[in-house]
Colleague: 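There's a structure below that I have some questions on.
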Amino acid sequence: MQEYLKWILASLAVLIAAVAVYPFLVRDSETLVLDDVARASMPNESFAKLSDGYTHYQCGGPKDGPTVVLIHGAATPLFIWDYQFGALAQAGFHVLRYDLFGRGLSDRPSAYTADLYDRQLLELLDSQGITTPVDLAGLSLGGVVTIQFIDRHPERVRKFALFGVGFFKGYPLSMRILSLPVIGEWLIKGFGERAMKSNVSSLMSNPEKAREYMQKMSQQMRYKGFKKALLAILRDNSLGDLRPAYERVGKSGKPGILFMGTEDHLASFAQHTQLQAVIPSLEFHAVEGAGHDAVFEAPEAVNPPLIEFLKR
């Protein structure tokens, strides 16, 4: 019996050791570094040097047209707007989309806060000589950045559009565990990429679009610092409950439009009534059958009312 117990304990020790070292044996897709050499190898890409580092951006449409700024969500870089970028430019708008710090081809600072994203957008507009009020379109986290920017700089915004945005209700247990020190690093290193692929399938109701998304996302995941930025967002409370900011934006009376996929289980489709109550100016559009990333899944349902609203 004693020998059997020793065998059990030895087996558990081996299992625990194997689990502990597993993340370090998994091939990490983050192999590339964003630096001056990397940027020099991308002559067709545009970068603005801001106080917190370089920001990757793209412009389209007539320069003298009304400016629309597209702000992506927590994980996905600017490609999430592929189906709106050209459509808005063709409609006569000057379109600016960019990668938030920590994503895409933008730099990876050491900390990620609400102040960082607000400063990034403000400095990017100034770097492009855009001083007249712009229209902001924000998806998920980008919608939070949009609300905060309007609250802090109301004179810089004319209209706004929100996609997949809801009030912060607290992260689910899986995300709270991921935010824990040390454990979060271990989990995201060993299982982050697999979890992200699984998460895309749950967030998108269109399998074909989900495959296209992951093909483009694989490029994003090659650069060092992406997973670290995701962890930082989970651990930062400044992007949490911004209800007071929503209320102030609601009182400003600025025209807004809200799109929510009926199958959005992340922001929760049902929250649109709460948002409309706080921001009475919001014009609401339900995107039937779409998940969280309706702009990518169902551009045929999003683009016409979006363009009509911005032109109005």
Side-chain angles (χ1 to χ4, degrees), residues 70-85 97 99-100 102-104 117 136-147 160-176 178-179 188 192-218 220-221 226-227 229-230 233-234 239-242 246 256-276 279 282 284-303 305-306:
L70 307 176
I71 312 171
H72 65 75
T76 316
L78 55 73
F79 80 73
I80 198 69
W81 297 106
D82 278 356
Y83 293 102
Q84 287 71 47
F85 187 73
R97 62 176 175 173
D99 288 327
L100 292 172
R103 277 56 127 234
Y117 296 126
L136 296 181
L139 166 65
S140 194
L141 174 67
V144 176
V145 174
T146 293
I147 290 295
F160 65 99
L162 303 176
F163 301 84
V165 175
F167 287 119
F168 181 77
K169 295 293 184 182
Y171 291 121
L173 178 60
S174 60
M175 289 190 177
R176 292 202 300 273
L178 196 61
S179 68
I188 203 164
E193 293 173 32
R194 187 185 307 173
M196 183 166 292
K197 291 177 182 178
S198 174
N199 195 41
V200 168
S201 299
S202 66
L203 292 181
M204 287 195 178
S205 58
N206 185 323
E208 184 178 339
K209 284 294 176 64
R211 284 191 293 271
E212 179 188 350
Y213 176 98
M214 278 312 304
Q215 184 178 11
K216 294 180 177 180
M217 192 66 181
S218 64
Q220 139 88 56
M221 296 167 71
F226 167 59
K227 292 194 285 286
L230 290 183
I233 290 173
L234 291 176
L239 288 165
D241 189 358
L242 294 179
Y246 280 84
I257 189 169
L258 171 67
F259 293 84
M260 296 284 283
T262 57
E263 301 302 315
D264 187 345
H265 305 298
L266 184 60
S268 177
F269 176 78
Q271 287 199 55
H272 73 84
T273 55
Q274 299 176 50
L275 285 167
Q276 288 177 280
I279 308 179
L282 277 180
F284 177 63
H285 289 264
V287 186
E288 293 294 334
H292 189 60
D293 294 319
V295 295
F296 196 80
E297 274 194 280
E300 68 285 348
V302 168
N303 292 359
L306 173 64

Colleague: Over all heavy atoms of both residues, which pair between V302 and A294 is shortest? Give the atoms and the distance, please.
Modeller: CG2-O, 3.9 Å
Colleague: Which of these passes side chain to side chain contact (heavy atoms under 4.5 Å, CB included) with V295: L306, L139, N303?
Modeller: L139
Colleague: Considering residues at least two apart in sequence or located in another chain, which fulfil the side-chain hydrogen bond (donor to acceptor under 3.5 Å, both in side chains) criterion with S140?
Modeller: H292
Colleague: Which atom pair, heavy atoms only, marks the closest approach of I257 to L282?
Modeller: N-CD2, 3.7 Å
Colleague: CZ of F269 to CG of D264: how many Å apart, nearest 0.5 Å?
Modeller: 9.5 Å
Colleague: So, taking the atom named CD1 in I147 and the one named CG in L242, what distance separates them when rounded to the nearest 0.5 Å?
Modeller: 9.0 Å
Colleague: Can you name the residues that form a side-chain hydrogen bond (donor to acceptor under 3.5 Å, both in side chains) with R97, not counting sequence neighbours?
Modeller: Q58, D82
Colleague: Please indicate whether E300 has more than 12 foreign heavy atoms, meaning atoms of other residues, nucleotides or ligands, lying under 6.0 Å from its CD.
Modeller: yes
Colleague: Can you check whether Q215's main-chain N or O pairs, donor with acceptor, with S218's side chain at less than 3.5 Å?
Modeller: yes
Colleague: Say you draw a straight line from CD1 of I71 to CG of L78; how long is it, rounded to the nearest 0.5 Å?
Modeller: 12.0 Å
Colleague: Look up atom CG in L136 and atom CG in L70, then write down how far apart they are to the nearest 0.5 Å.
Modeller: 9.5 Å
Colleague: Using the salt bridge (charged side-chain N to carboxylate O under 4.0 Å, His left out) criterion, which residues pair with E212? Sequence neighbours excluded.
Modeller: K216
Colleague: For residues M260 and A267, report the shortest heavy-atom separation together with the two atoms involved.
Modeller: CE-CB, 4.1 Å
Colleague: Test of understanding: with ring pair (Phe, Tyr, Trp, His ring centres under 6.0 Å), list the residues that count as partners of F259, not counting sequence neighbours.
Modeller: F163, H285
Colleague: Kindly determine whether H272 and L258 satisfy side chain to side chain contact (heavy atoms under 4.5 Å, CB included), including the steps that lead there.
Modeller: CA-CA 8 Å; H272 73 84; L258 171 67; 3.8 Å; yes
Colleague: So which heavy atom on V165 is nearest to which on Y246, and how close?
Modeller: CG1-OH, 3.0 Å
Colleague: Are any of the side-chain heavy atoms of L141 and L100 separated by less than 4.5 Å?
Modeller: yes
Colleague: Kindly write out the residues that satisfy side chain to side chain contact (heavy atoms under 4.5 Å, CB included) with A301, not counting sequence neighbours, or none if the list is empty.
Modeller: V287, A298
Colleague: Apply side chain to side chain contact (heavy atoms under 4.5 Å, CB included) to T76 and Y213, showing your working.
Modeller: CA-CA 9 Å; T76 316; Y213 176 98; 2.3 Å; yes
Colleague: Side chain to side chain contact (heavy atoms under 4.5 Å, CB included), that's the test. Do W81 and H72 meet it? Break it down for me.
Modeller: CA-CA 8 Å; W81 297 106; H72 65 75; 3.9 Å; yes
Colleague: So which heavy atom on Q84 is nearest to which on P299, and how close?
Modeller: NE2-CB, 3.8 Å
Colleague: Return the minimal non-hydrogen interatomic distance between D99 and P77, and the atom names on each side.
Modeller: OD1-CB, 3.2 Å
Colleague: Output all residues satisfying ring pair (Phe, Tyr, Trp, His ring centres under 6.0 Å) with Y83, sequence neighbours left out; order by chain, then residue number.
Modeller: F296
